Amino acid sequence: MRIKEINLHHIQMKLKNPFTNSFSTVKDRRFIIIEAVLEDGLTGWGECVAFEHPWYTEETIYTCAHLLKDVLIPSVMNKPIRHPNDLTALFAPVRRNPMAKSALEGAVWDLYAKKNGLSLAKALGGEKKRIEAGISIGLKETDEELFSTIDEALKQGYKRIKLKIKPGQDISLISKVRTRYPSLPIMADANSAYTLADLERLHALDQYDLMMIEQPLAYNDLYEHALLQKELHTKICLDESIQSAHDALQAIQFGSCQVINLKIGRVGGLSESLKILKLCEEAGIDVWCGGMLETGISRAHTIALASMNAVNLPGDISSTQNYWHQDITIPEVVVSNGYIEVPENPGTGFDIDRKALEAFTIHKECFHA
Ligand code: OSB
Ligand code: MG
């Protein structure tokens with residue numbers, strides 16, 4: 001394949017409900033949607049999931065725009081590409097910037113699958129026909145609001161719920177939820193809100209039978225997570241700390257975690273995600289696929305990845321209606337009895353709603369070979 005044209009659709013979408021975590025409240029989402037076109041007109045789609053502010057990882061939608069326009073697009077345009085893994089070599093001169101790389105790589109994987117008449121899931125090696133859906137619930141102002149959100153999620157059949165926590169909104173919050181839902185699979189995500197000085201608080205969380213605690217400590221500290229894991233019965237899951245297969249390998253070797261939240265954008269793409277899955281399978285580390293409050297395009301890629309057998313826990317992959325009044329893909333992502341069907345048609349299996357895409361577009365940039 002040779003890519004002859006790339007269009008960047010800079011879009012803005014309003015979340016149905018603001019999403020609050022330990023550091024920020026996300027209300028509006030900016031995305032860069034990547035449309036990559038071959039000579040024969042075949043089109044692949046990718047999505048850049050970085051936020052406007054670098055609170056989660058260091059990239060922003062603006063650093064990604066720069067990387068894409070000035071570095072990554074020129075490096076792939078009109079180059080012979082036999083397999084998406086070829087991008088690893090084309091991107092090798094570029095340090096980090098995983099979300100920028102992943103956005104473009106996602107479009108190439110979609111193209112590759114379509115060109116070969118395969119679903120993206122099949123192209124990756126995924127075998128599951130349906131995947132288990134979990135839901136991530138943000139911090140709420142009141143207990144009533146939290147309980148009603150959980151009740152609604154359970155009505156829709158979600159297999160597990162993830163709650164956001166931070167110092168002061170943790171022990172009593174988890175304790176109340178555990179009392180109300182004695183057998184519910186619950187996990188907690190701190191988004192790096194704690195330090196080792198909070199050891200007592202973290203110990204207190206050990207008694208609520210949490211499936212895991214996600215990213216309790218600093219985004220860049222594998223060593224302290226290893227110390228903490230020795231102290232806790234609850235499994236540690238790493239999110240922000242894992243930005244590559246190399247990070248995953250080090251975390252495994254240090255004993256920094258027993259679970260990994262795998263996000264395609266955060267680790268630089270699907271090819272790197274497959275490497276991480278292999279490492280986890282070999283080491284007996286649990287894996288599930290996380291989310292970035294993203295559009296249907298990026299979720300479609302995640303659904304394909306989650307169809308791999310090595311992904312052995314329900315992810316943060318919820319229905320379109322959990323996030324958006326109107327999405328940019330057709331059909332909607334539907335959760336039925338806690339499962340999402342893995343599409344079998346070529347590529348991601350989701351089509352672009354061009355009208356909706358245009359309605360959300362702030363500006364568009366076109367690049368040609
Ligand atoms: O920490 O997993 C996280 C959303 C934005 C940024 C980071 C995280 C999250 C979520 C929600 O927890 C994931 C989703 O439902 O898309
Ligand atoms: Mg997280």
Side-chain angles (χ1 to χ4, degrees), residues 13 15-31 47-61 98-99 102 131-140 149-150 152-153 156 158-166 170 186-194 210-220 225 235-243 247 251 257 259-267 286-303 305-306 313-324 327 329 333 335 340:
M13 292 167 68
L15 280 168
K16 245 175 149 175
N17 301 301
F19 189 92
T20 302
N21 57 64
S22 58
F23 279 109
S24 79
T25 296
V26 183
K27 295 191 183 107
D28 295 295
R29 282 293 271 129
R30 282 281 295 262
F31 300 102
E47 171 177 328
C48 180
V49 296
F51 294 101
E52 281 185 86
H53 187 274
W55 67 270
Y56 172 72
T57 59
E58 62 270 40
E59 289 177 281
T60 69
I61 204 79
M99 290 185 191
S102 172
I131 58 162
E132 291 182 309
I135 189 168
S136 174
I137 296 176
L139 287 162
K140 304 288 180 192
T149 309
I150 297 173
E152 182 55 34
Q156 292 168 31
Y158 283 101
K159 298 286 181 189
R160 66 104 172 103
I161 60 157
K162 173 169 121 181
L163 301 174
K164 294 288 183 177
I165 54 165
K166 65 176 187 182
D170 43 13
I186 303 171
M187 50 180 290
D189 185 0
N191 289 105
S192 293
Y194 298 86
L210 295 174
M211 295 172 75
M212 66 195 79
I213 180 167
E214 182 175 335
Q215 197 69 41
L217 306 178
Y219 71 95
N220 58 355
H225 277 103
K235 291 181 179 180
I236 291 179
C237 170
L238 288 177
D239 175 355
E240 284 91 326
S241 286
I242 308 295
Q243 293 200 48
D247 288 344
C257 66
V259 189
I260 286 178
N261 166 347
L262 181 56
K263 295 188 190 176
I264 303 165
R266 198 198 61 229
V267 304
D286 293 332
V287 190
W288 51 275
C289 291
M292 287 290 286
L293 307 171
E294 64 236 306
T295 85
I297 296 177
S298 177
R299 236 137 16 92
H301 285 83
T302 300
I303 290 167
L305 181 63
L313 290 171
D316 285 341
I317 314 177
S318 45
S319 64
T320 298
Q321 62 143 352
N322 182 43
Y323 306 100
W324 315 112
D327 203 344
T329 44
V333 174
V335 172
I340 298 171

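The structure presented is a predicted model; accordingly, all values stated were derived computationally and were not measured. Note that ligands are numbered from 1 as they come in the structure, with each ligand's atoms numbered from 1 the same way. Atom set for the values below is all heavy atoms of this structure, side chains included, hydrogens, waters and symmetry mates excluded.
- At least one N/O-N/O distance between Ser136 and ligand 1 falls below 3.5 Å.
- Checked by distance only, ligand 1 and Leu293 come closer than 3.5 Å through their nitrogen or oxygen atoms.
- No side-chain donor-acceptor contact under 3.5 Å links Arg29 to the backbone of Glu52.
- For atom 6 (C) of ligand 1, the nearest non-hydrogen atom of the protein is Phe51 CZ, 3.4 Å.
- Remark: Asp239 engages Arg266 in a salt bridge, criterion side-chain N to carboxylate O under 4.0 Å.
- Using modelled atom types, no side-chain atom of Gln243 and backbone atom of Pro98 make a donor-acceptor pair closer than 3.5 Å.
- The shortest N or O to N or O distance between Met292 and ligand 1 is below 3.5 Å.
- Remark: minimum distance from atom 14 (C) of ligand 1 to any protein heavy atom is reached at Tyr323 OH, 3.4 Å.
- One distance of note links OH of Tyr56 with OG of Ser192; it measures 9.5 Å at 0.5 Å rounding.
- In terms of protein heavy-atom proximity, atom 13 (C) of ligand 1 is nearest to Gly291 O, 3.4 Å.
- Considering Asp170, Thr20, Asn191 in turn, Asn191 is the only one that fulfils the side chain to side chain donor-acceptor pair (under 3.5 Å) rule with Lys164.
- The backbone N or O of Ser318 sits less than 3.5 Å from a side-chain atom of Arg299, completing a donor-acceptor pair.
- The main-chain N or O of Ala306 is never found under 3.5 Å from a side-chain atom of Trp288 such that the two would form a donor-acceptor pair.
- Residues Asp316 and Arg160 are paired through a salt bridge, judged by an N-O separation under 4.0 Å between the basic side chain and the carboxylate.
- For ligand 1, the polar-atom distance check finds an N/O of Asn191 within less than 3.5 Å of one of the ligand's N/O atoms.
- Of the heavy atoms in Val26, none comes closer than 4.0 Å to ligand 1.
- The protein heavy-atom contact nearest to atom 7 (C) of ligand 1 is Lys263 NZ, 3.3 Å.
- In this structure a side-chain-to-backbone donor-acceptor pair under 3.5 Å is present from Gln215 to Leu217.
- At least one donor-acceptor pair under 3.5 Å links the side chain of Lys263 to the backbone N or O of Gly291.
- Distances from the Mg ion (ligand 2) under 2.8 Å pick out these protein N/O/S atoms: Asp189 OD2, Glu214 OE2, Asp239 OD2.
- Of all the heavy atoms of Phe23, none lies under 4.0 Å from any atom of ligand 1, so neither backbone nor side chain is involved.
- Atoms CD and CG, on Glu132 and Leu313 in that order, are 8.0 Å from each other to the nearest 0.5 Å.
- Under 4.0 Å from ligand 1, not a single heavy atom of Glu240 appears.
- Atom numbering of ligand 1 starts at 1 in the shown order; those under 4.0 Å from a heavy atom of Tyr56 are 7 (C).
- Within 6.0 Å of atom NZ in Lys16, more than 12 heavy atoms from other residues, nucleotides or ligands are found, so the atom counts as buried in its surroundings.
- Heavy atoms of Lys162 found under 4.0 angstrom from ligand 1 belong exclusively to the side chain.
- Note on ligand 1: Glu214 sits in its first shell, one or more heavy atoms being nearer than 4.0 Å.
- Polar contact check, Ser318 against ligand 1: no nitrogen or oxygen pair lies under 3.5 Å apart.
- Considering CD1 of Ile137 and CG of Asn17, their distance stands at 11.0 Å, rounded to 0.5 Å.
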Hey, mind stepping through Glu214 and Asn261 against side-chain hydrogen bond (donor to acceptor under 3.5 Å, both in side chains) and telling me if it holds? CA-CA 8 Å; Glu214 182 175 335; Asn261 166 347; 2.9 Å; yes
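- Residue-level proximity to ligand 1 for Asp239 is carried by the side chain, the only part with a heavy atom below 4.0 angstrom.
- If you number the atoms of ligand 1 from 1 as listed, the ones under 4.0 Å from a heavy atom of Asp189 come out as 1 (O), 2 (O), 3 (C).
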